[in-house]
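Worksheet: the structure to be examined is printed underneath.
Each chain gets a letter, A, B and so on, in the order the sequences are listed, and its residues count up from 1. Values in this document were obtained by computation on a predicted structure and should not be read as measured data.
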Amino acid sequence: MKLSKYILPTLKEDPSDAFVTSHKLMIRAGLVRKETAGTYAYLPFGLKALRKISDIVRDEMDKTGAMECLMPELTSADLWKESGRWDKMGPIMFQIKDRNALEYALGPTHEEAFTNMIRSTITSYKELPVNVYQINTKFRDEIRPRFGVIRSKEFIMKDAYSFDIDQAGLDVSYDKMAEAYTNIFKRCGLTTIPVKADTGDMGGSASEEFMVASEVGEETLLLCDKCGYRANQERASHKRNSSKKTETPCAMEEVSTPDIKTIEQLSEFFSCDASSFLKSIIYIADGEPVMAIVAGDREVNDVKLKNHLKCVNLDLADDRTIFEVTGAPVGFAGPAGNDKIRKIFDLDIKNTVNAITGANKKDIHFKNVNPGKDFIISEEADIISSNEGDKCPDCSSEMYVKKGLEVGHIFKLGYKYTEAMNVTVLDQNGKTVHPIMGCYGIGVTRTLAAVIEQHNDENGLKWPISVAPYQVHLVGLGKGEDELTKIEEIYNLLIKSGLDVLYDDRKLSPGIKFANADLIGLPVRVTIGKNYFNDNKIEITVRKNSEKSETSKENLINSVKSILESIDK
RNA sequence: CGGGGCGUAGCGCAGUCCGGUAGCGCAUCUGGUUUGGGACCAGAGGGCCGAAGGUUCGAAUCCUUUCGCCCCGACCA
C-alpha cells in the first residue's frame, strides 16, 4: 500500500478529548475516528489491526472445534422476555420498536439468541457437546462510555456458548476455552492475569476473567504471589482473624455526639481507630430495607451483599427511608436497639469488643457495644471488600492490589437459559434433559486498545508483529525519477516476497516521514535513501528496540524476514 | 443522575471578565528553493464563534433556554 493513496490521518498533537494512552494513540495514528460519545469509526489502518486480532481469535476458537455463526443484532423482545432479562437488563439495552410497535433490542449479548438457535437445531445427546460462537457487534447503553474504545456503546465481541449433556462435559468445555483464551492473548502480545470473578447477573458457578494489568483498568484485583490466588475485588475474600479481642466487655452507654456522623469525625471525637466502630449502612434490597454492619475501617461490598441477599436490585437507602427505619438522620444508625430492620453482620463483627456505633437517635452514639449482649448476630455473611495487605484466603500470606482491564471472561453458566427457554435433548436413556451451558466472551475492540496500552513509547505505537496492520514500513527518500524508480523496485521486491508493506511515497521531508513511522509503529522500517543510491546499502530499523542494521538489495528479503521472526521471541 | 470543566477553521488553542462584526500555530492548496529526524520563501483557500431566543444602534463576548463533548462518582458478562 502506498501512503500517498491511503487514508491515514495522523495527528501531531493529542486530541483534546482523549485522556488515556491507547485512546490518544488510536486517534493520532489514524486507527479510529470518534463518531459520537461511545461510538467509533474504524479507518483502514485500525480495521487491519482489528482483523488481525479477530483472525487470531477465530483461529484459536476453530482449533477447539467451536463453530462460527452469526446472530442477528436486531433481537426480538420475546426472546428476552422468555429468559426474564427484558426487564432485568432493560436499562443497558437499546430497546426499539418497529413501525408495527413490535419490540426489539439491539443485542447487548447473545445468550438468548444462541440458546434459541440451539433449541431448534439440537435434539439428542449424540449431538453434544457443541460450542458455537460469533464475532459481532454488541450494543450497550453504557451509563458512561469512556477511554475511547475501552468502554463504548458499540463494540465488537467474540462470544461463544457451549452446550454439554452434563457438568463433567461443561468442565471440559470450560477448560478448553480457558486454554484457548490463554493462547489468544499470548498471540496478541498481551500479558494477561486470569482471576476469579463474580458471575454477576449471568448466574452460574465458576467464572474467570482475563485481565490486562493497566492503570486504566476498571477492576481492582487482589493477588497473592505465594500461592497464586487471584481474584476480582468484587468476589475476593480474605482470611479473618478468628480470635476475639482480649478486652473485657463493659456496659453499654450513650454518648452525646452532636453532628458527628462520619467514621472520620467519630475517630477524631473518640480519638480511636476507625476499626473500633461498627458502620451500619442502610440499603434497599428489592424494596425491603436492610442494614449492613461492618467494621468502621471497611467498605461494604455491594456485590457480596447482593449475592447474599439474592436480590435483583440493591441500592443505598435515601435519607427519608433511613429516618423511618432507624428513627434518626443519616449517621446515627446502629444494630443495637433496633429490631425493626433485617440486619446482615460481617464475619468480623462477632469478634468486636466495646465497639462504638450509632444509637438510632439523633446526635447520640453508643459506646461499649458488644455482640451477644447489646445485639444479636442474627445473620452473618462475608460482605466486605478485601484490600491491599489482607491475608490470602488460601495461604494466609499478604495480598496486594493491581488495576486490571478485562479483555476476556469465561463462565460456567449452568442451566439458567436452557431451563428458562426450555432447551431439551434426549439423553442415553431416552429421557428429556436440559443441556448445561457455558459462555465465553472476548472484547475484540477492547483487546486492540489493550495491545496499544501495553505496546507504546513517547513516540508512538510499537505493534507486536501478530497484530501489526503491516509488517514493513518502507520509507523512500528519493528525489529524481531515477531514484524513485529504484525505491519502487524495492517496494515490488518486498511485496512479491509476500510481506505486507506500507510504502511512504509521499513528497515530504525525511523528518516528517520518520516521525510518522514512529507514530504508527510498524515493526520494521526499511529506509531507502542516499546510502542505497550511492553504496547499495539499505537500512533496517526495528521499531521496538530501535536496533539498526544494514543490508543489500540482494539480502533484503532474507534480512527482513529473519528480523521479523526474531523480534517478538 | 450528582459534581466539575469545555464547545471559536481539519487538529491544537487565544480572544469572552471589559460588546464594535475573528486571530495564532499546525495541517491544506499554488509556485519556487530544500531533502537522513516534524525545512524555508512568496501567495491562497477555509469559521453563521455548538444551536435557539433575548438585551443592544451593534453580541464569539451580556442574559435565558437547549444540544453536545470530556473528567470524577454511581453503573458495568
Side-chain angles (χ1 to χ4, degrees), chain A residues 9-20 23-24 27-28 30 33-39 85 88-89 91-93 107-111 138 140-148 150-153 155 157-161 197-204 207-210 216-219 232 234-235 302-303 306 313-316 405-413 416-417 437-443 446 459-460 475-480 483-484 504 506-519 525 527-534 537-539 541 546 548:
Chain A
T10 55
L11 261 34
K12 205 158 157 181
E13 289 168 286
D14 284 339
S16 65
D17 57 1
F19 269 71
V20 305
H23 187 195
K24 287 178 187 169
I27 290 170
R28 284 191 56 205
R33 275 290 167 91
K34 184 169 75 182
E35 159 72 29
T36 182
T39 68
R85 291 209 290 183
K88 197 170 176 179
M89 286 191 75
I92 199 95
M93 288 200 273
T109 175
H110 286 84
E111 280 77 14
K138 299 279 181 264
R140 292 187 191 174
D141 190 357
E142 293 289 349
I143 288 176
R144 177 147 90 94
R146 61 179 137 180
F147 302 152
I150 287 176
R151 178 169 292 283
S152 49
K153 289 184 171 172
F155 58 97
M157 187 170 182
K158 186 283 305 179
D159 49 326
Y161 306 86
D198 184 76
T199 50
D201 290 340
M202 300 299 310
S207 160
E208 260 177 288
E209 290 174 333
F210 288 77
V216 304
E218 297 177 282
E219 310 275 351
N232 191 316
E234 283 182 346
R235 76 154 266 168
D302 292 358
V303 172
K306 195 171 168 183
N313 293 307
L314 182 72
D315 298 298
L316 282 170
L405 179 64
E406 179 187 349
V407 287
H409 202 155
I410 59 177
F411 283 90
K412 289 183 185 173
L413 260 186
K416 179 171 171 173
Y417 295 95
M437 275 177 83
C439 81
Y440 318 94
I442 289 180
R446 182 183 280 188
N459 295 321
V475 174
L477 303 176
K479 279 162 267 183
E483 292 181 352
L484 292 176
D504 192 346
R506 297 172 301 177
K507 291 189 178 91
L508 293 171
S509 69
I512 294 177
K513 292 188 176 185
F514 291 141
N516 230 261
D518 288 345
L519 174 60
R525 189 181 90 199
T527 312
I528 307 292
K530 59 188 175 199
N531 292 341
Y532 176 67
F533 306 128
N534 299 337
K537 281 182 188 160
I538 296 175
E539 184 183 282
T541 314
S546 303
K548 285 182 184 173

With a cut-off of less than 4.0 Å, is there a side-chain N or O of [X] near OP1 or OP2 of [N]?
X         : N      : value
Ser509(A) : G38(B) : no
Thr527(A) : G36(B) : no
Lys12(A)  : C26(B) : no
Ser16(A)  : C69(B) : no
Arg28(A)  : C11(B) : no
Lys479(A) : U34(B) : no

Checklist entry - For the base of G73(B), is there a side-chain donor-acceptor partner from Arg146(A) under 3.5 Å away? => result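 Answer no: no donor N or O sits under 3.5 Å from an acceptor.
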
Next on the checklist: Suppose we call a contact any N or O donor and acceptor under 3.5 Å apart; does that hold for the side chain of Asp14(A) and the base of G12(B)?
Outcome noted: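 Per atom types, no contact qualifies.
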
Spacing between [X] atom [atom1] and [N] atom [atom2], to the nearest angstrom:
X         : N      : atom1 : atom2 : value
Leu508(A) : U28(B) : CG    : C1'   : 12 Å
Asn516(A) : C26(B) : CG    : P     : 17 Å
Arg151(A) : C69(B) : CZ    : P     : 17 Å
Phe514(A) : U35(B) : CZ    : P     : 14 Å
Leu11(A)  : U28(B) : CG    : C1'   : 14 Å
Ile512(A) : C40(B) : CD1   : C1'   : 12 Å
Ile150(A) : C75(B) : CD1   : C1'   : 17 Å
Asp315(A) : G2(B)  : CG    : P     : 16 Å

Item to check | CA sep, side-chain torsions, deciding dist, call: Leu477(A), Lys530(A), side-chain contact (heavy atoms from CB on, under 4.5 Å) | outcome: CA-CA 8 Å; Leu477(A) 303 176; Lys530(A) 59 188 175 199; over 6 Å; no

Item to check | Worked verdict on Glu209(A) versus Asn232(A) for side-chain hydrogen bond (donor to acceptor under 3.5 Å, both in side chains) | outcome: CA-CA 8 Å; Glu209(A) 290 174 333; Asn232(A) 191 316; 2.8 Å; yes

[X] side chain, from C-beta outward: closest of [options]:
X         : options                : answer
Lys34(A)  : C76(B), G36(B), C70(B) : C70(B)
Arg144(A) : G37(B), C71(B), C76(B) : C71(B)
Thr36(A)  : G68(B), G73(B), G38(B) : G68(B)
Asn531(A) : C76(B), C75(B), G36(B) : G36(B)
Phe147(A) : C69(B), C71(B), C75(B) : C71(B)

Using the [atom1] atom as the reference point in each nucleotide, state the distance between [N] and [M] in Å, no decimals.
N      : M      : atom1 : value
A27(B) : U64(B) : C1'   : 38 Å
G43(B) : U35(B) : P     : 24 Å
U28(B) : C75(B) : C1'   : 43 Å
G53(B) : G45(B) : C1'   : 34 Å
A39(B) : U16(B) : P     : 33 Å
G50(B) : U8(B)  : P     : 6 Å
C26(B) : U33(B) : P     : 22 Å
G19(B) : G32(B) : P     : 50 Å

Item to check | 5′-ward residue of the pair Pro15(A)/Lys513(A) relative to RNA chain B | outcome: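 With Pro15(A) and Lys513(A) compared, the 5'-side residue is Pro15(A).
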
Checklist entry - Mapping Tyr532(A) and Ile143(A) onto RNA chain B by nearest heavy atom, which one lands closer to the 5' end? => result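 Its nearest nucleotide lies further toward 5', so the answer is Tyr532(A).
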
For a quick check of understanding: with a heavy-atom distance under 4.0 Å over all strands, which category does [X] fall into, base, sugar-phosphate or nothing?
X         : answer
Glu13(A)  : base
Arg525(A) : base
Gly441(A) : nothing
Glu406(A) : sugar-phosphate

Mind checking the [atom1]-[atom2] spacing from [X] to [Y]? Nearest 0.5 Å is all I need.
X         : Y         : atom1 : atom2 : result
Ile442(A) : His409(A) : CD1   : NE2   : 12.5 Å
Phe514(A) : Thr527(A) : CZ    : OG1   : 5.0 Å
Glu218(A) : Leu405(A) : CD    : CG    : 7.0 Å

Tell me the partner of [N], counting only Watson-Crick (N1-N3 plus N6-O4 or O6-N4) or G-U wobble (N1-O2 and O6-N3) with both under 3.5 Å; none if nothing fits.
N      : value
G73(B) : C1(B)
U35(B) : none
U66(B) : G50(B)
C18(B) : none
G43(B) : C29(B)
A59(B) : none
G23(B) : C13(B)

Next on the checklist: Using side-chain contact (heavy atoms from CB on, under 4.5 Å), reason through Arg525(A) and Glu539(A) one step at a time and then give a plain yes or no.
Outcome noted: CA-CA 8 Å; Arg525(A) 189 181 90 199; Glu539(A) 184 183 282; 3.6 Å; yes

Checklist entry - Do side-chain atoms of Arg33(A) reach the backbone of Ile27(A) as a donor and acceptor pair under 3.5 angstrom? => result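 No: the side chain of Arg33(A) does not pair with the backbone of Ile27(A).
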
Item to check | Polar side-chain atom of Asp159(A) near backbone of Tyr161(A) as donor-acceptor pair, under 3.5 Å | outcome: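 Here the side-chain-to-backbone pair does not exist.
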
Next on the checklist: With side-chain contact (heavy atoms from CB on, under 4.5 Å) as the criterion, how do Arg446(A) and Phe147(A) come out once you've worked through the C-alpha distance, each side chain's angles and the decisive distance to 0.1 Å?
Outcome noted: CA-CA 10 Å; Arg446(A) 182 183 280 188; Phe147(A) 302 152; over 6 Å; no

